[in-house]
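Have a look at the structure below, then the notes.
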Amino acid sequence: MPEVLKIGLVSISDRASQGVYEDKGIPALRDWFGRALATPWEMETRLIPDEQAMIEAALCELVDGAGCHLVLTTGGTGPAPRDVTPEATLAVADRVMPGFGEQMRQISLAFVPTAILSRQVGVIRKQSLILNLPGQPKAIAETLEGLKDADGQVKVPGIFAAVPYCIDLIGGPWVDTHAEVVKAFRPKSAQRPASAG
């Protein structure tokens, strides 16, 4: 049996965590992974307020305790005083992966000029990749899938195209995707025959 990809999802919102409104980040991600992943996966979720210590604890718990290979956060990446997700993420990081944040902002700038206010980061902790995503479901899908033209051809790659290979490199399980949602990119030397699992 191939190792199952373990995904941690952390939705960070004062109001959603207090029940003021319904969290939309985790359901949107659960739906997206259901459409995008072609290999087995399971998830653990957390809904917490914008408190740096709680965010740090949740990230450490998902990586160190639950053994997640990929952890995604939604919310808390803007310039407001309560937006501390990037600080919490960097505080638990072993290494920073700046290309993820750069690409997320490039994608979002095609839709809104305020994308430059986003401070999303990508990091590695132990053998896990942690990525800060936007909070809105539409922006989450755009960030993961990238920009496509009217014919469905990718104009600007989404960040998830690079995630499976990154997980390979840090010692995680093999991850395949449904190319019509997002095509995982690997160099020729890292590809497997179609029949291999």
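- Between the side chains of Q106 and E102, no donor N or O sits under 3.5 Å from an acceptor N or O.
- Nearest heavy-atom pair, W41 versus G34, reported as atom, atom and distance to 0.1 Å: CZ2-N, 3.6 Å.
- The shortest non-hydrogen separation linking A184 to T177 is N-OG1, 3.1 Å.
- Linking Ile, Leu, Val, Met, Phe, Trp and Tyr residues whenever their side-chain heavy atoms come within less than 4.5 Å places I7 and V181 in a single cluster.
- Smallest separation of non-hydrogen atoms from Q120 and L133: NE2-C, 3.6 Å.
- At a threshold of 4.5 Å between side-chain heavy atoms, the hydrophobic network of Ile, Leu, Val, Met, Phe, Trp and Tyr places I170 and V63 in two separate groups.
- Placement of I140 and V121 in two distinct hydrophobic clusters is found when ILVMFWY residues are connected by side-chain heavy-atom separations under 4.5 Å, directly or transitively.
- Neither I130 nor L29 shares a network with the other; the hydrophobic side chains, linked directly or stepwise wherever heavy atoms of I, L, V, M, F, W or Y lie under 4.5 Å apart, form separate groups for each.
- Across all their heavy atoms, E3 and P173 have their closest contact at O-CB, 3.4 Å.
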For residues 153-169, tabulate all N or O donor-acceptor pairs below 3.5 Å that involve a side-chain atom, not counting sequence neighbours.
{"from": "D168", "atom 1": "OD1", "to": "R186", "atom 2": "NH2", "distance (Å)": "3.3"}
{"from": "D168", "atom 1": "OD2", "to": "R186", "atom 2": "NE", "distance (Å)": "2.6"}
{"from": "D168", "atom 1": "OD2", "to": "R186", "atom 2": "NH2", "distance (Å)": "3.4"}

Side-chain atoms of residues 70-81: list all donor-acceptor pairs with protein atoms under 3.5 Å, sequence neighbours left out, distances to 0.1 Å.
{"from": "T73", "atom 1": "OG1", "to": "N132", "atom 2": "ND2", "distance (Å)": "2.9"}
{"from": "T74", "atom 1": "OG1", "to": "S11", "atom 2": "OG", "distance (Å)": "3.4"}

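- Atom CZ of R15 has 12 or fewer neighbouring heavy atoms from other residues, nucleotides or ligands inside a 6.0 Å radius.
- Cluster annotation: L5 and L144 are assigned to the same hydrophobic cluster (Ile/Leu/Val/Met/Phe/Trp/Tyr, side-chain heavy-atom contacts under 4.5 Å, transitive).
- Enclosure of atom CD in E56 by more than 12 non-hydrogen atoms of other residues, nucleotides or ligands within 6.0 angstrom is indicated.
- Remark: E22 CD is loosely packed, at most 12 non-hydrogen atoms of other residues, nucleotides or ligands lying under 6.0 Å away.
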